[in-house]
Amino acid sequence: MTDPQTLPDDLPRPVDDGAADHLPGTPMPAVVLPTTGGETLDLATLGAGRTVLYIYPMTGRPGADLPTGWDEIPGARGCTPESCGFRDHYEDLRAAGAQAVYGLSSQDTDYQREAVDRLRLPFAMISDEDLRVADALRLPTFEADGMTLYKRITLIVRDGTIEHVFYPVFPPGEHAEQVLGWLRAAGS
């Protein structure tokens, strides 16, 4: 068992395989998904302004094993530190122009709700168990222990269209700061 909050020093860096090059300028698809807030969210109607949508493979739970070879899969490890970074910078992100922040994974809503509560996240997580967003936007995925999981990617959506993409994301524990820097530089 490993501590999901601690990242190993030798974490392998993911490479840019071009799997997100097609995304800037793409409208968000009309995909309705459940959130940990108890409602559903249509990604095509995120609203005016900028939304930060960070997409991650899966959060670990204390005392539970991660998939086999998790630390050796480039970009797999670090979902908990990434989420905590967005938690810690949530107010800064909002002040820099993010109308909303969401995390999205293929984990079910109950699993995500436990993470939201345990990590004290001030934003909702979105569950995409069937990888509908991956299909609609051709998002990169990978396999681990028989599961298909999202590769870590962050979309900045402005007025319903993908304005900017962070891919690959590394290091995950510093990613919220990277997004914050981009928002501040981009202005309104």
Side-chain angles (χ1 to χ4, degrees), residues 1-2 4-5 7-8 11-24 26-37 40-44 46 51-86 101-116 118-119 121 123-157 162 165-173 175 179:
M1 282 185 269
T2 56
Q5 300 243 40
L7 297 177
L11 198 64
R13 177 182 285 274
V15 296
D16 188 347
D17 57 7
D21 292 351
H22 65 284
L23 292 170
T26 302
M28 288 299 286
V31 175
V32 180
L33 297 168
T35 75
T36 55
T40 58
L41 179 66
D42 182 346
L43 296 181
L46 290 174
T51 297
V52 174
L53 179 62
Y54 74 96
I55 301 170
Y56 60 95
M58 62 177 283
T59 52
R61 284 186 173 165
D65 288 332
L66 293 168
T68 305
W70 195 244
D71 287 357
E72 288 78 43
I73 301 169
R77 181 77 183 270
C79 302
T80 298
E82 181 182 27
S83 292
C84 289
F86 279 102
V101 175
Y102 296 102
L104 182 146
S105 77
S106 60
Q107 294 169 293
D108 67 51
T109 305
D110 288 338
Y111 192 104
Q112 289 179 327
R113 192 172 294 116
E114 184 279 333
V116 167
R118 176 172 39 90
L119 302 175
L121 302 180
F123 49 84
M125 298 294 235
I126 302 168
S127 175
D128 186 11
E129 290 183 78
D130 297 324
L131 301 167
R132 293 175 56 211
V133 178
D135 291 341
L137 291 175
R138 298 181 330 214
L139 296 181
T141 61
F142 68 97
E143 302 289 323
D145 278 357
M147 298 179 288
T148 301
L149 302 169
Y150 280 104
K151 285 188 178 181
R152 191 179 316 280
I153 185 171
T154 297
L155 310 177
I156 306 297
V157 180
I162 299 170
V165 177
F166 290 88
Y167 178 82
V169 171
F170 193 84
H175 182 52
V179 172

Y150 vs L131, side-chain contact (heavy atoms from CB on, under 4.5 Å): CA-CA, chis, key distance, verdict: CA-CA 8 Å; Y150 280 104; L131 301 167; 3.4 Å; yes
Distance-only donor-acceptor check, side chains D17 and Y167, under 3.5 Å: yes
Gap separating the CD1 atom of I55 from the CG atom of L155, nearest 0.5 angstrom: 4.5 Å
Atom pair OG1/CG of T35 and L41 - distance to nearest 0.5 Å: 7.0 Å
Minimum-distance pair of heavy atoms, taken over all atoms of A76 and R152: O-NH2, 2.9 Å
Side chain to side chain, S105 and Q112, heavy atoms closer than 4.5 Å: yes
Exercise: do E129 and S106 side chains pair donor with acceptor under 3.5 Å: no
Straight-line distance of D130 CG to D135 CG, nearest 0.5 Å: 9.0 Å
side-chain contact (heavy atoms from CB on, under 4.5 Å) evaluation trace for L43 with I126: CA-CA 10 Å; L43 296 181; I126 302 168; 4.2 Å; yes
Euclidean distance, T68 OG1 relative to I73 CD1, rounded to 0.5 Å: 8.5 Å
Counterpart residues, side chain to side chain contact (heavy atoms under 4.5 Å, CB included), relative to A44 (two or more places apart): A30, D42
Interatomic spacing from CG in L53 to CD1 in I153 - rounded to 0.5 Å: 9.5 Å
Residue pair P67 / D145: nearest heavy atoms and the distance that separates them: CA-OD2, 3.1 Å
Side chains of E82 and T154 in contact at under 4.5 Å (non-hydrogen atoms): yes
Set of salt bridge (charged side-chain N to carboxylate O under 4.0 Å, His left out) partners for E72, sequence neighbours left out: none
Over all atoms of both residues, closest heavy-atom pair of F170 and P14: CD1-CD, 3.4 Å
Close side-chain approach of S127 to Q107, heavy-atom, < 4.5 Å: no
side-chain contact (heavy atoms from CB on, under 4.5 Å) between L121 and F86, intermediate numbers included: CA-CA 8 Å; L121 302 180; F86 279 102; over 6 Å; no
Side-chain donor-acceptor contact under 3.5 Å, T59 with Y111: no
H175 ring center near F166 ring center (under 6.0 Å): yes
Sub-4.5 Å side-chain heavy-atom contact between Y54 and V179: no
Whether over 12 other heavy atoms sit under 6.0 Å from Y102 OH: no
Spacing of CZ belonging to F123 relative to OG1 belonging to T51, to within rounding of 0.5 Å: 13.0 Å
Considering all heavy atoms, the nearest L33-V133 contact: CD1-CG2, 3.7 Å
Min side-chain heavy-atom separation K151-L139 under 4.5 Å: no
Residue list, side chain to side chain contact (heavy atoms under 4.5 Å, CB included) with P29, at least two apart or on another chain: V31, A136, L137
Steps toward side-chain contact (heavy atoms from CB on, under 4.5 Å) verdict (V165, I156): CA-CA 6 Å; V165 177; I156 306 297; over 6 Å; no
SB check R113 D110 (cutoff 4.0 Å): yes
Whether R77 side chain and P12 backbone form a donor-acceptor pair below 3.5 Å: no
